[in-house]
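In what follows, a single structure is set out as C-alpha cells and then discussed.
Only this structure's heavy atoms are used, side chains among them; waters, hydrogens and symmetry mates stay out. Below, read A as the first sequence line, B as the second, and so on, with proteins coming before strands; counting in each chain starts at 1. None of the values given here were measured: they were computed from a predicted structure.
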There are 2 protein chains.
Amino acid sequence: MARPNQSEQRRDELCPVIAKAFAELGYRRATTAALAKRCGLRENQLYRLWPSKKAMFLASIEYLYEMTAAKWRALLASDDGRSPAERILAWEGEHRGESGLHRITFAGLSETDDPDIRSALQNMYRKFHTFIIGQVNEHRADAKPDTQPGVELTAWAIIGLGMMTNITHELDLLTHDTQGQMVHDVGLHLLDG
Amino acid sequence: MARPNQSEQRRDELCPVIAKAFAELGYRRATTAALAKRCGLRENQLYRLWPSKKAMFLASIEYLYEMTAAKWRALLASDDGRSPAERILAWEGEHRGESGLHRITFAGLSETDDPDIRSALQNMYRKFHTFIIGQVNEHRADAKPDTQPGVELTAWAIIGLGMMTNITHELDLLTHDTQGQMVHDVGLHLLDG
DNA sequence: CTGTTTTGTAAGTGTATACTTACATCATAG
DNA sequence: CTATGATGTAAGTATACACTTACAAAACAG
C-alpha cells in the first residue's frame, strides 16, 4: 500500500556503529543523543528501530558475538600447519580487544543489574566456552587423556587470559608485543596441559 | 580554639562503606545520594570530607588495594606447609570477588575515561603484579631456571585467572566449588610452569 | 562563659538524559 | 494520481544527579 519498511536492514547497518559506541563509552555515557549522532540520525529515529536503549545494548552484545564467532570460524577453515586453537590464540593476541566485547561485558556487569542483560552475557560466555572446549580437545587429540587442568577449566582460563590481555592493553601495562607473547606463551601452556 | 577536626578519622571509617557501594553499584549508579544514605549522612557532609565523587572513588581504589595487600601479607606469615603462592590462590579461590576490587576495575574502565582514575588502576595492578612475581619466584625456587612461561607473564595470567573466576561467579557460570577448583588447578599449573 | 569551628538539617540549582509528541515530507503500491 | 505508511526535523517532558547554599545546633579551647 505504501513505502516498504526498511527497519530490519537499517538495524543491521547501525548495529556496528552502536556496538562501537557502547564499547567505547560504556552504557551510561553512551547516551541516546550520542548514539543518534554517531548513526547520523535523531533520537526518535533510533526509537523507531529499537524500543529502548537496553534493547540497543542487547543487540550490540548479539552483534559482537556473531562477528567474533564468524571470525573464529574463518580461522578454523584456514590451515597453516598450526592447530586451530593456536591460530585463534595468535589472532586474538594480535587483535586483542578490537571487537570491544570485553568492554561490553564490563559495562553490562558494572552499569546495570538488569536480568536480561546478565543472561545475554551469560549466554554469550557459555557459547564461547563451548567453542573453545572443542578446540582444546582438538588440540589435545593425541595427548594422554588425563591431561591437566581439565578441558572445561582450561577453556575458562583461556577466556580469562584474553580478558587480562585486554586490561593490560587498556591500562598501558604491557606493550603490544608483550601482549602477543603472553597470549602465545601462556595460551600454549594452557592448551598443552 | 574550637572543636577539633575529625575529618581524617571519619574518612577512614566511611571508606569501607563507600568502596562497597562503588563495587556493588558501579560508578554512575553509586549516586552521591546513595553514598550519603549508606554512610548515614547528608550529601554535603560527604562533600566536606572529599571534594568530589571522583575523589571518593579514588579513595575506594586505594582502600581496597590496602585491604587486599594486608590480607595477602597475613597469608604469607601463616605457614602450613604449602608455598605462600598456593595459600594465596586457595584463599582467593574461596573468597573470590569478596573485596569488590574487580568490580571497581570494571567501573573505572567502563564508566569513566578520567586519566586520574586510569592511572590509579594502573598503579594498583602494577603493585599486585610485582607482589605476585615475588611469590612465583619463591614457588619456583627449586625449578630449573628456564621454566616457561616467564615469571612476569605468569603473574599477569594469575591475575587474569582471578578476574575470570569473578566473572564466572557473577554470571553464575560455575558453582562455588568449581571456581575454587579452577583457581587451584589452573593456578598451580601456571605456577609450576 | 564565649567565641570559633565543626557538625547536622533542609532546600535549592543547573544540567543531562531517556523517551515522547507533533507535524511536515517523501516514496511507493494500487 | 493518490492514499498510506515510512522517514525527517524540531521541540518538549519528567526525572535524576553532582554539587551548593543557608543556617541552626553543638562542642571544644581559651
Side-chain angles (χ1 to χ4, degrees), chain A residues 1-15 17-19 21-61 104 107-108 110-117, chain B residues 1-15 17-19 21-61 104 107-108 110-117:
Chain A
M1 307 260 284
R3 214 167 157 179
N5 192 317
Q6 313 260 51
S7 293
E8 195 163 331
Q9 178 190 331
R10 300 191 77 192
R11 271 191 287 267
D12 290 345
E13 288 167 14
L14 296 176
C15 252
V17 182
I18 292 185
F22 276 123
E24 284 176 16
L25 302 170
Y27 189 79
R28 299 300 229 248
R29 275 157 65 222
T31 65
T32 52
L35 293 174
K37 188 165 196 180
R38 284 176 179 233
C39 291
L41 297 176
R42 311 282 172 148
E43 289 183 64
N44 66 330
Q45 292 179 289
L46 273 188
Y47 277 96
R48 294 208 263 247
L49 298 170
W50 288 278
S52 65
K53 180 172 161 179
K54 169 178 149 184
M56 302 174 206
F57 190 71
L58 289 171
S60 297
I61 295 178
I104 294 275
S110 172
E111 303 192 55
T112 78
D113 53 359
D114 186 278
D116 296 333
I117 291 179
Chain B
M1 305 256 283
R3 215 168 156 176
N5 191 318
Q6 314 259 50
S7 292
E8 195 163 331
Q9 178 189 331
R10 299 191 79 193
R11 270 192 288 268
D12 290 345
E13 288 167 12
L14 296 177
C15 251
V17 181
I18 291 184
F22 276 124
E24 285 177 15
L25 302 170
Y27 189 79
R28 299 301 227 248
R29 275 158 65 222
T31 65
T32 52
L35 293 174
K37 189 164 193 182
R38 284 175 179 234
C39 291
L41 297 177
R42 311 281 172 150
E43 288 182 63
N44 67 328
Q45 293 178 288
L46 273 188
Y47 277 95
R48 294 209 265 245
L49 298 170
W50 289 279
S52 65
K53 181 173 160 179
K54 169 178 149 184
M56 302 173 207
F57 190 71
L58 290 171
S60 298
I61 295 177
I104 294 275
S110 172
E111 303 193 52
T112 79
D113 53 0
D114 185 279
D116 295 334
I117 290 178

Next item on the list: Respond yes when some side-chain nitrogen or oxygen of A:Asn44 is under 4.0 Å from OP1 or OP2 of C:dT20, and no when none is.
Entry: no

Check: How long is the line joining CD of A:Gln6 and C1' of C:dA27, in whole Å?
Finding: 10 Å

Check: Could you give the NZ-to-P distance, from B:Lys37 to D:dC17, as a whole number of Å?
Finding: 12 Å

Notebook entry, point to check: How do B:Arg28 and A:Arg48 order along DNA chain D: which one's closest nucleotide is nearer the 5' end?
Noted result: A:Arg48

Next item on the list: Give A:Glu43 one of three labels, base, sugar-phosphate or nothing, depending on what nucleic acid heavy atoms sit under 4.0 Å from its own.
Entry: base

Notebook entry, point to check: Which residue, A:Pro4 or A:Tyr27, contacts DNA chain C at a nucleotide closer to its 5' end, judged by nearest heavy atom?
Noted result: A:Tyr27

Note to self: Tell me whether A:Lys54 forms a cation-pi arrangement with A:Tyr27, defined as NZ or CZ under 6.0 Å from the six-membered ring centre and within 45 degrees of its axis.
What the structure shows: no

Checklist line | Separation of atom CG in B:Asn5 from atom P in C:dG8, rounded to whole Å | finding: 12 Å

Check: Between B:Arg29 and A:Asp113, does a side chain to side chain contact (heavy atoms under 4.5 Å, CB included) hold up when you go through it step by step?
Finding: CA-CA 10 Å; B:Arg29 275 158 65 222; A:Asp113 53 359; 3.3 Å; yes

Note to self: Does A:Leu46 form a side chain to side chain contact (heavy atoms under 4.5 Å, CB included) with A:Thr32? I'd like the steps, not just the answer.
What the structure shows: CA-CA 8 Å; A:Leu46 273 188; A:Thr32 52; 5.5 Å; no

Next item on the list: State whether the distance check finds a donor on one side and an acceptor on the other, under 3.5 Å, for side chain B:Arg3 versus base D:dA26.
Entry: yes

Next item on the list: Applying side chain to side chain contact (heavy atoms under 4.5 Å, CB included), run through B:Phe22 and B:Lys53 and close with a yes or a no.
Entry: CA-CA 11 Å; B:Phe22 276 124; B:Lys53 181 173 160 179; 4.1 Å; yes

Next item on the list: Starting at atom CG of B:Leu46, determine the distance to atom P of C:dT7, rounded to an integer number of angstrom.
Entry: 13 Å

Next item on the list: Classify the nucleic acid contact of B:Arg29 as base, sugar-phosphate or nothing, counting any heavy atom under 4.0 Å across all strands shown.
Entry: nothing

Next item on the list: Take A:Leu25 and A:Arg38 through the test side chain to side chain contact (heavy atoms under 4.5 Å, CB included) and record every step on the way to the result.
Entry: CA-CA 12 Å; A:Leu25 302 170; A:Arg38 284 176 179 233; 4.0 Å; yes

Next item on the list: Measure from CD1 on B:Ile18 to C1' on D:dA18 and round the result to the nearest Å.
Entry: 14 Å

Next item on the list: Please state how far atom CG in B:Leu49 lies from atom C1' in D:dC19, giving the value in whole angstrom units.
Entry: 15 Å

Notebook entry, point to check: Taking OP1 and OP2 of C:dC19, is either one under 4.0 Å from a side-chain nitrogen or oxygen of A:Arg42?
Noted result: no

Next item on the list: Return no unless some side-chain N or O of A:Gln45 is found under 4.0 Å from OP1 or OP2 of D:dT7.
Entry: no

Note to self: Does B:Thr31 reach a base, just sugar-phosphate, or nothing at all? Heavy atoms under 4.0 Å.
What the structure shows: sugar-phosphate

Checklist line | Interatomic distance, A:Glu13 CD vs D:dT7 C1' [rounded to whole Å] | finding: 14 Å

Item checked: For atom NZ of B:Lys53 and atom P of D:dT20, their distance in whole Å -> 14 Å

